[in-house]
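To keep things clear, I will list the structure first and then write my remarks on it.
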Amino acid sequence: MPVTRTPTGALPAHVAIIMDGNGRWAEARGLSRSEGHRAGLEATRQAVRFFAEQGVRALTLFAFSSENWGRPQEEIDALFDLFVSAIEAELPELVERGIALTFIGDRASFPTALQARMSEAEQASAGNEQMRLVVALGYGGRWDILQAARRWAAEGDEGRDSEVEFASYLSTAGMPDVDLLIRTGGERRISNFLLWQAAYAELLFLEAFWPEVTATELEQGLAWYTSRQRRFGRLSTASTGTANNEAPHA
Ligand code: FPP
């Protein structure tokens, strides 16, 4: 896989979202946190439709982090039930839209019913080419780098470009780097999400809680992204008089 350089002004090839604020959205309305997650699922459905219709090739959603295992068991159980029913309910539309659904993260500790739904969904949607939807469950960026490093050390062949070689051991193998990373809910942190993959991502922090985010806000986010000058550590066009979006050794 080549290191990707999505040019300035182009649609992001890969959007990643930290869907934060479900709990606070619910608490502000006197609802349970689980009701907040259900409202978050509706926002997720709208976001998937929006990015698929825009023609974005890859969308990665942070739905359960390695650190979320520290939440009360009741909330974890409700989340797992929600994931099982969401996968069952949404799969037909995803397949109809030509979306391939995959999961990244350490799934070994998940309930077997959830693991089974995850595998079935991956098989049922494999080969779809309109968009790749990746749901990060039991995921942590450090976990990902560590599992890749272990396998790379055991099997890897340090080739001409070792960053490219290493990336093929990450759980996002074959996907472009993250171009746009969105976090809702007012916090300005990456929180151990796609640490390697988002090295050059444009970071968009929205104040809105995830259940409040609509297509209008996502549209504004895309417009903001396309106005960004992407330099990948090099100088801008104005300083060099050369195009600034070509790969450095192109
Ligand atoms: C963060 O909000 C959100 C989560 C930990 C769960 C995200 C899950 C969904 C949006 C459902 C989507 C389902 C699928 C299958 C993709 P929080 O609880 O940390 O909110 P807080 O910061 O206000 O407490």
Side-chain angles (χ1 to χ4, degrees), residues 15-52 58-95 97 99-107 109-111 113-122 124-125 131-141 171 181-194 205-215 217-218:
V15 176
I17 310 181
I18 301 175
M19 310 178 290
D20 197 15
N22 292 349
R24 281 168 288 160
W25 177 89
E27 281 157 19
R29 286 160 182 77
L31 302 171
S32 69
R33 293 181 59 83
S34 297
E35 285 171 295
H37 295 314
R38 278 201 290 279
L41 176 61
E42 181 53 37
T44 307
R45 190 180 289 123
Q46 301 305 328
V48 171
R49 286 180 186 155
F50 172 79
F51 285 113
L59 176 65
T60 303
L61 304 173
F62 208 3
F64 192 86
S65 72
S66 316
E67 292 71 28
N68 287 153
W69 284 110
R71 294 196 174 196
Q73 193 59 45
E74 194 187 334
E75 181 174 349
I76 294 176
D77 291 343
L79 266 174
F80 290 167
D81 287 346
L82 184 70
F83 295 150
V84 168
S85 57
I87 294 169
E88 281 173 3
E90 304 305 325
L91 188 61
E93 180 178 336
L94 296 179
V95 170
R97 287 178 178 267
I99 297 173
L101 173 62
T102 55
F103 298 89
I104 56 172
D106 184 2
R107 59 179 86 180
S109 310
F110 289 149
L114 176 55
Q115 291 189 43
R117 293 294 93 72
M118 290 161 72
S119 303
E120 285 159 17
E122 287 175 330
S125 64
M131 185 172 86
R132 184 155 172 195
L133 173 62
V134 180
V135 177
L137 288 181
Y139 181 85
S171 58
L181 174 62
I182 301 172
R183 181 179 188 141
T184 62
E187 305 290 356
R188 286 163 167 70
R189 291 190 288 272
I190 296 179
S191 295
N192 197 21
F193 197 21
L194 299 159
F205 298 107
L206 300 177
E207 293 304 315
F209 296 136
W210 178 244
E212 298 169 329
V213 171
T214 63
E217 249 159 328
L218 298 177

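When a ligand or atom number is given, it counts from 1 through the structure's own listing order.
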> What protein heavy atom sits nearest atom 22 (O) of ligand 1, and how far off is it?
Replying inline: D20 OD1, 2.9 Å
> Looking at M19, which atoms of ligand 1 are within less than 4.0 Å of one of its heavy atoms?
Replying inline: 1 (C), 2 (O), 3 (C), 10 (C)
> Do E35 and S32 get their side chains close enough for a donor-acceptor pair, meaning under 3.5 Å?
Replying inline: yes
>> Any nitrogen or oxygen of F83 lying under 3.5 Å from a nitrogen or oxygen in ligand 1? Just yes or no.
In response: no
> Should the proximity of R33 to ligand 1, defined as any heavy atom under 4.0 Å, be assigned to the side chain, the backbone, both, or neither?
Replying inline: side chain
>> With a 3.5 Å distance limit and no angle check, can you tell me whether Q115 reaches the backbone of F110 through a side-chain donor-acceptor pair?
In response: yes
> So is there a nitrogen or oxygen of N22 less than 3.5 Å from a nitrogen or oxygen in ligand 1?
Replying inline: yes
> In terms of atom number and element, which parts of ligand 1 are under 4.0 angstrom from non-hydrogen atoms of H37?
Replying inline: 4 (C), 6 (C), 18 (O)
>> Checking the side chain of R183 only, and the main-chain atoms of R189 only, is there a donor and an acceptor separated by less than 3.5 Å?
In response: yes
>> Using a 3.5 Å cut-off on N or O atoms only, is G23 in polar contact with ligand 1?
In response: yes
>> Tell me the contacting part of R71 for ligand 1: side chain, backbone, both, or neither, using a 4.0 Å heavy-atom threshold, strictly below.
In response: side chain
>> Using modelled atom types and a 3.5 Å cut-off, is there a donor and acceptor pairing between side-chain atoms of S65 and backbone atoms of Y139?
In response: no
>> Check contact between A63 and ligand 1, using heavy atoms of the residue and a distance below 4.0 angstrom.
In response: yes
>> Is it the case that over 12 heavy atoms from other parts of the model lie below 6.0 angstrom from the CD atom of E122?
In response: yes
> Should the proximity of N68 to ligand 1, defined as any heavy atom under 4.0 Å, be assigned to the side chain, the backbone, both, or neither?
Replying inline: side chain
> Shortest non-hydrogen contact from F193 to I17?
Replying inline: CE2-O, 3.8 Å
>> Quick check against the 3.5 Å criterion: does R188 have a side-chain atom that pairs as donor or acceptor with the backbone of F205?
In response: no
> Taking only heavy atoms of R24, which atoms of ligand 1 are found under 4.0 Å from at least one of them?
Replying inline: 21 (P), 22 (O), 23 (O)
> Sequence neighbours excluded, which residues qualify as ring pair (Phe, Tyr, Trp, His ring centres under 6.0 Å) partners of F64?
Replying inline: W69, F80
> Which of the listed options, V84, I18, T44, holds the heavy atom that is closest to atom 16 (C) of ligand 1?
Replying inline: T44
